Enquirer: 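For reference, the structure I am asking about is given below.
Positions are given from 1 along the sequence. Keep in mind that the numbers below use all heavy atoms, side chains included, and drop hydrogens, waters and symmetry copies. These numbers come from a predicted model, not from an experiment.
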Amino acid sequence: MAFPLSPSTPLRLKPYSTLRLLSLCSNSFSKSRPFPPSAAPRRPFHPSAAPRRRCFCTAITAALRSGEAIETKKSELGDPPRGEFGGRVGEFTKRLKISEIKGSPDEGLGLVGQTLTVVGWVRTLRAQSSVTFIEVNDGSCLSNMQCVMDSDAEGYDQVESGLVSTGASIWIQGILVASQGSKQKVELKVKKIMLVGKSDPSYPIQKKRVSREFLRTKAHLRPRTNTFGAVARVRNALAYATHKFFQENGFVWVSSPIITASDCEGAGEQFCVTTLIPSSGETTATPIDAIPKTENGLIDWSQDFFGKPAFLTVSGQLNAETYATALSDVYTFGPTFRAENSNTARHLAEFWMIEPELAFADLDDDMACAAAYLQYVVRHVLENCKEDMEFFNTWIEKGIIDRLTDVVNKDFVQLTYTDAVELLVKSRKKFEFPVKWGCDLQSEHERYITEQVFHGCPVIIRDYPKDIKAFYMRQNDDGRTVAAMDMLVPRVGELIGGSQREERLEYLEARLDDLKLNKDSYWWYLDLRRYGSVPHAGFGLGFERLVQFATGIENIRDAIPFPRTPGSSEF
């Protein structure tokens, strides 16, 4: 297929020219495509398919086919076309991605000889005397597509003039051939190239390695690096596997509120949500006197949006319990917030939580569910993110694949908090935080147990002291402990925390009184114990810690796309 092209014309689409180009291709697209059906493995393809989903790419294709220059003066167009009345919306089809070409068992050799189209961003460009090598990545996988280009290719002058550079986005069409190099099985012999968006010379992510601290200041660009692209794909796989596990096991997903008037953990480290302070640009010039007060000089919350203090939630658990007492098994998966002024590698102010809740269940059921869930999602990542996991195994944490494989294959160990404390005391190891019964176990204690004592096997510690756990946990018969559990894993320490919930009204009310928590704020939560109460249990998993565990990334700020930490809310 030969398409006329003006190679010296850079791609610059204006709103009206884009609409015009779309109208040009709407009827003819089904007759000719930039690549044959056989070039797109593992996807349905029909010769009569309607226009592809991406109008931008469709506009490019139309321009190539029509031979027009990409830029058209607005005055030549008149009013933008509105389409045929009652016209049909085109069929959604998937664009060919590099992962589809190189992700097959033969790494693309089965497609050799076919004409393919690739779009993406330039990772590197090497110009030699007779040939130019361009590494293109579209984010679908770790591998780049090596594109080999000589001076006969249409659009070569855009490369020669320096318009195509690292960071630029490009459209490339060529023939897939067996690679003569050893790093890849196939490469693309370029026939046509088009610059989609040029990259300024100040582009900060070049081939040289930069620190992750630096990349946090470039959070909008760091997904283009190998490390953060791989983290994003593994995070996506873990989220998909999370929903898949719970859906396959009969759980119902519940959207828990982000704004709440109650504190699930009773810690008081919450972000306040208020309209008493003027919004947007007025905030920096708001005098204290502008905040309404009562006669006693206190903030008059009755004039606030919700009529009382409201906060960003620290957990969706309490809301999940309401639905568990109606639907039996539910889970939440959403953002939570903690106003803890901590700058460690383990804490974020905004993070995502996975919180299942099981009705007619006790602590043993809860531990079994947590273990099954973790093994399921880890297995999914090992089976479906092999290239990314090999990258982490080589560059981030050597041995991570073996460590995760152990989690999938080994039985989990459980022991009581009392036994764990005794074990730590008898070890005679010098810990930064001394160990005694009644203390909250620290990360160094948790990692010692799972890494040293049980040699990398996940460990569940149960039956914690009542005084260091939340009000909603069920009191054990000894009166000193509650039916709580923490799952510990190597490198991370605590990954999952859960408990059997207190289903007895009188015990729950007494616990609220002991902690001096306002029972009026929990009236609806107490109602669940009045009307058909059942034994139930659940756990919470910080999703970013799971990403850390699965990738070996040391700092939790690198496990989330845009970290929120004290003093930092950019992007």
Enquirer: Please collect all side chain to side chain donor-acceptor pair (under 3.5 Å) contacts where either partner lies in residues 230-245, sequence neighbours excluded, each pair once.
Expert: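 Applying side chain to side chain donor-acceptor pair (under 3.5 Å) to every pair that reaches into residues 230-245, excluding sequence neighbours, yields Arg233-Asp388, Arg235-Glu544, Thr242-Tyr373, His243-Tyr331, Lys244-Glu248, Lys244-Tyr376.
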Enquirer: Checking the side chain of Gln375 only, and the main-chain atoms of Lys410 only, is there a donor and an acceptor separated by less than 3.5 Å?
Expert: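 Such a contact is found between Gln375 side chain and Lys410 backbone.
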Enquirer: Residues two or more places apart in sequence or in another chain: which of them pass side chain to side chain contact (heavy atoms under 4.5 Å, CB included) with Arg216?
Expert: Arg212, Glu213, Arg222, Asn555, Arg557, Asp558
Enquirer: Determine yes or no for a side-chain-to-main-chain donor-acceptor pair under 3.5 angstrom, with Lys102 supplying the side chain and Asn144 the backbone.
Expert: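 Judged by distance alone, yes, a pair lies under 3.5 Å.
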Enquirer: Backbone N or O of Glu451 within a donor-acceptor pair of the Arg491 side chain at under 3.5 Å?
Expert: no
Enquirer: What residue pairs, at least two apart or across chains, pass ring-ring contact (aromatic ring centres under 6.0 Å, His included) with a residue in residues 407-440?
Expert: Tyr417-Trp437, Tyr417-Tyr464, Phe431-His445, Phe431-Tyr448
Enquirer: I'd like to check Val148 versus Val190 (side-chain heavy atoms, cut-off strictly below 4.5 Å). Are they in contact?
Expert: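 Sidechains of Val190 and Val148: no contact.
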Enquirer: Can you tell me which residue pairs pass the ring-ring contact (aromatic ring centres under 6.0 Å, His included) test with a partner in residues 196-238, sequence neighbours excluded?
Expert: His220-Phe571
Enquirer: For Arg462, run the salt bridge (Lys or Arg N to Asp or Glu O under 4.0 Å) check against Asp364, Asp486, Asp362, Asp366 and tell me which one passes.
Expert: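 One option only clears the test, and that one is Asp364.
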Enquirer: Using only heavy-atom distances, determine whether the side chains of Thr481 and Asp463 contain a donor-acceptor pair under 3.5 Å.
Expert: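 Judged by distance alone, the side chains do not pair up.
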Enquirer: Between Phe333 and Phe543, does a side chain to side chain contact (heavy atoms under 4.5 Å, CB included) hold up when you go through it step by step?
Expert: CA-CA 9 Å; Phe333 188 0; Phe543 190 51; 4.0 Å; yes
Enquirer: Heavy-atom count check: over 12 atoms from other residues, nucleotides or ligands less than 6.0 Å from Glu554 CD?
Expert: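 12 or below, so no.
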Enquirer: State whether the side chain of Arg545 and the backbone N or O of Val492 hold a donor-acceptor pair below 3.5 Å, judged by distance alone.
Expert: no
Enquirer: Does a donor on one side chain sit under 3.5 Å from an acceptor on the other, for Ser315 and Glu355?
Expert: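 The answer is yes; a qualifying pair exists.
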Enquirer: Please check if any side-chain donor atom of Glu135 sits under 3.5 Å from a side-chain acceptor atom of Thr124, or the reverse.
Expert: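 Side-chain D/A pair, Glu135 to Thr124: absent.
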Enquirer: Is Lys386 atom NZ crowded by more than 12 heavy atoms from other residues, nucleotides or ligands, each under 6.0 Å away?
Expert: no
Enquirer: Who passes side chain to side chain contact (heavy atoms under 4.5 Å, CB included) against Asn319, sequence neighbours left out?
Expert: Ser256, Pro257, Trp524
Enquirer: Return the set of residues passing side chain to side chain contact (heavy atoms under 4.5 Å, CB included) with Glu321 (not counting sequence neighbours), or none when no residue passes.
Expert: Gln317, Leu318, Glu357, Arg501, Tyr525, Leu528, Arg529, His536
